[in-house]
> 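Before we start, here is the structure in question, set down as structure tokens.
What you see is a predicted model; the values in this text were computed from it and never measured. Counting starts at 1 for both ligands and their atoms, following the listed order.
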Amino acid sequence: MHPKAIILVGGPSRGTRFRPLSLNVPKPLFPVAGKPVIAHHIAALSKIEDLKEILLIGFFEDSVFASFLQDAAREYPNLHIRYLREYQSLGTAGGLYHFRDEILRGNPEQVFVLHADVACTFPLIAMKKAHEGHRGLCTILGTKVPREAANNFGCLVAKPDTNEVLHYVEKPESFISNLISCGVYLFDCAIFDEIRKALENKKGNVETDIYGREVFQDGNKLRLEQDLLRPLAQSRKLFVYETEGFWRQIKTSGSAVPVNGLYLEQLLQTNPEKLAKNLPNGPEIVGAVYIHPTAVIDPKAKLGPNVSIGPNVVVGKGTRIRDAIILDNVDIKQNACVLHAIVGWNSKIGCWSRVEGTPPSAHHSTSVTKNGVKVQSITILGKEVGIKDEIIIRNCIVLPHKELKQSCENEIVM
Ligand SMILES: Nc1nc2c(ncn2[C@@H]2O[C@H](COP(=O)(O)OP(=O)(O)O[C@H]3O[C@H](CO)[C@@H](O)[C@H](O)[C@@H]3O)[C@@H](O)[C@H]2O)c(=O)[nH]1
């Protein structure tokens with residue numbers, strides 16, 4: 001079977017919970033475990049036999065993905081990876097329909113569709129095998145989450161013996177099931193007939209664009225979940241493959257820290273040579289730590305577990321860093337401490353200062369504030385933030401270009 005793949009990358013207006021980091025980089029390109037979020041998707045897709053083409057579909061400017069695509073072409077010379085831009089947000093299935101000719105060119109039999117804002121072990125080969133063993137049009141990757149988190153997701157009720165999905169309900173108001181959709185699907189190409197049916201059901205909302213193609217009136221998006229998966233479940237054409245590996249959503253900027261940890265742990269099992277090691281004249285490394293080759297780390301620093309250090313970072317003597325992502329060109333002076341935090345590009349942290357958050361209490365929390373109060377516990381410093389010597393920044397989100405001379409706690413510093 002010859003498949004293609006699509007990554008739904010969304011667009012600029014959707015990154016609000018990812019601020020302040022999305023002010024400088026679109027969420028799909030934010031680095032976790034040393035590479036952009038969607039590079040993990042591509043790495044998993046590259047292992048699928050006969051998969052030659054990956055299409056990123058979204059509504060960012062074309063230039064946003066240009067250098068990422070160049071790097072990806074160098075790393076995967078056998079894959080053809082392109083960006084297709086929606087002229088506006090068309091919804092999670094609208095882009096698939098709009099670009100159907102591109103997707104179906106070369107007559108693929110199957111299409112993987114991956115949300116950009118998820119992190120997981122992407123068991124795509126196992127999903128494909130499961131898909132080929134049933135009569136459905138779609139196999140959806142599922143995972144179990146705690147009962148109280150389930151209604152933030154698409155919920156599935158499936159027959160335990162056949163994995164046939166009996167009900168699909170998108171973000172239900174009351175509890176239905178703790179088996180949820182991971183935002184990773186494998187479709188037979190016959191799905192485009194079902195998309196057409198979904199479209200016909202929305203008929204009054206369709207108009208024709210200047211090229212004579214059908215498009216949706218503003219505000220009437222074609223939604224993969226409600227418009228396609230729900231009817232597929234009703235007609236018994238949807239099956240679930242439950243993952244045994246980890247799965248997380250990347251919604252808030254703080255969620256990048258646990259995701260970083262999960263990908264680093266995975267690397268420790270699969271490619272430990274890509275991670276930092278304890279060397280006689282090097283810093284002390286605890287657990288899984290990624291250090292970019294251009295970073296300079298003092299041998300008396302202690303890093304890890306769950307730390308990624310970006311290009312050209314300088315880390316001083318006596319510094320302690322754990323559960324943190326340190327982005328490009330950051331300068332951390334001696335005896336500083338960075339815990340449960342993300343430090344934005346070009347920021348400076350003074351001597352003996354502490355930049356610290358608290359570990360997230362729930363694994364699947366999707367919001368930064370609740371009832372107007374900040375709940376995200378990871379501390380985030382935006383781009384070019386300066387922290388003077390000997391101060392403490394605890395549980396804060398600091399917007400770009402701020403100079404902090406005093407300690408602060410539980411604040412969004414604007
Ligand atoms: N190209 C494109 N992409 C889009 C659009 N709208 C959303 N996306 C992308 O589609 C993915 C899903 O985004 P949301 O629409 O924000 O949905 P969600 O709240 O994340 O919920 C979805 O994902 C969950 C798993 O993470 C599912 O559990 C849930 O059922 C649903 O599919 C993201 O990667 C987002 O960038 C669009 O108009 N166009």
> Distance check, rounded to the nearest 0.5 Å: Ile54 atom CD1 versus Lys4 atom NZ?
11.5 Å
> Determine, using heavy atoms of Arg223 and all atoms of ligand 1, whether some pair is separated by less than 4.0 Å.
no
> So, is Lys221 polar-close to ligand 1, with some N/O to N/O distance under 3.5 Å?
no
> If every non-hydrogen atom of Gly142 is compared with every non-hydrogen atom of Cys182, which pair is closest and at what distance?
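Looking at all heavy atoms of both residues, the closest pair is C-SG, 3.6 Å.
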> Side-chain contact, heavy-atom cut-off 4.5 Å: Thr139 with His134?
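The answer is yes, as the side chains (C-beta and beyond) meet within the 4.5 Å cut-off.
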> Under 4.0 Å from any heavy atom of Gly58, which atoms of ligand 1 are there?
1 (N)
> What do you reckon, does Gly10 have a nitrogen or oxygen under 3.5 Å from a nitrogen or oxygen of ligand 1?
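Yes - when backbone and side-chain N and O of Gly10 are compared with those of ligand 1, one distance drops under 3.5 Å.
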> Please indicate whether Arg322 has more than 12 foreign heavy atoms, meaning atoms of other residues, nucleotides or ligands, lying under 6.0 Å from its CZ.
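Yes, the 6.0 Å shell around CZ holds more than 12 heavy atoms from other groups.
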> Under a heavy-atom criterion of less than 4.0 Å, does Gly91 contact ligand 1?
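Within the 4.0 Å threshold, so yes.
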> Should one rank Leu229, Thr92, Val9 by closest heavy-atom distance to atom 10 (O) of ligand 1, which comes out on top?
Thr92
> Run the numbers on Glu225 and Thr92 for side chain to side chain donor-acceptor pair (under 3.5 Å), then give the verdict.
CA-CA 8 Å; Glu225 298 82 358; Thr92 38; 2.9 Å; yes
> Find all atoms of ligand 1 within a distance of less than 4.0 Å from any non-hydrogen atom belonging to Tyr185, and give their numbers and elements.
32 (O)
> Show the atoms of ligand 1 that are less than 4.0 angstrom away from any heavy atom in Ser89.
37 (C), 38 (O)
> Where do Gln406 and Ile393 come nearest, in terms of heavy atoms and distance?
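Closest approach of Gln406 to Ile393: O-CD1, 4.1 Å.
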> So is Phe99 in contact with ligand 1, going by heavy-atom distances below 4.0 Å?
no
> Going by distance only, is there an N or O of Gly154 that falls short of 3.5 Å from an N or O of ligand 1?
yes
> Supply the atom-to-atom distance Asn346 CG to Leu381 CG, rounded to the nearest 0.5 angstrom.
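Here the rounded value is 12.5 Å.
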> Has ligand 1 got any nitrogen or oxygen that is less than 3.5 angstrom from a nitrogen or oxygen of His115?
yes
> With a cut-off of 4.0 Å, which atoms of ligand 1 are near a heavy atom of Phe59?
37 (C), 38 (O), 39 (N)
> Report, as yes or no, whether the 6.0 Å neighbourhood of atom CD on Glu61 holds more than 12 heavy atoms from other residues, nucleotides or ligands.
no
> Could you see which bit of Val118 sits under 4.0 Å from ligand 1, with heavy atoms only: side chain, backbone, both or neither?
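The side chain, only.
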> Are Glu384 and His401 linked by a side-chain donor-acceptor pair shorter than 3.5 Å?
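Side-chain D/A pair, Glu384 to His401: present.
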> Check Leu90 against ligand 1 and report side chain, backbone, both or neither, counting heavy atoms closer than 4.0 Å.
backbone
> Below 4.0 Å from any atom of ligand 1, is there a heavy atom belonging to Tyr168?
yes
> Compare every heavy atom of Val330 with every heavy atom of Gly344, then report the nearest pair and how far apart it is.
O-CG2, 3.2 Å
> Determine the interplanar angle of the Tyr185 and His115 rings, folded into 0 to 90°, and report it as parallel if under 30°, tilted if 30 to 60°, perpendicular if over 60°.
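Because their plane-to-plane angle is over 60°, the rings of Tyr185 and His115 count as perpendicular.
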> Distance under 4.0 Å to a non-hydrogen atom of Gln249: what atoms of ligand 1 satisfy this?
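So the atoms of ligand 1 that pass are 20 (O), 24 (C), 25 (C), 26 (O).
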> For Lys333, look at atom NZ and say whether over 12 heavy atoms of other residues, nucleotides or ligands are found less than 6.0 Å away.
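Not more than 12 within 6.0 Å, no.
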> Measuring from the heavy atoms of Lys251, does anything fall under 4.0 Å of ligand 1?
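So Lys251 counts as touching ligand 1.
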> Report yes if Leu8 has an N/O atom closer than 3.5 Å to an N/O atom of ligand 1; otherwise report no.
yes
> So, is Ala116 polar-close to ligand 1, with some N/O to N/O distance under 3.5 Å?
yes
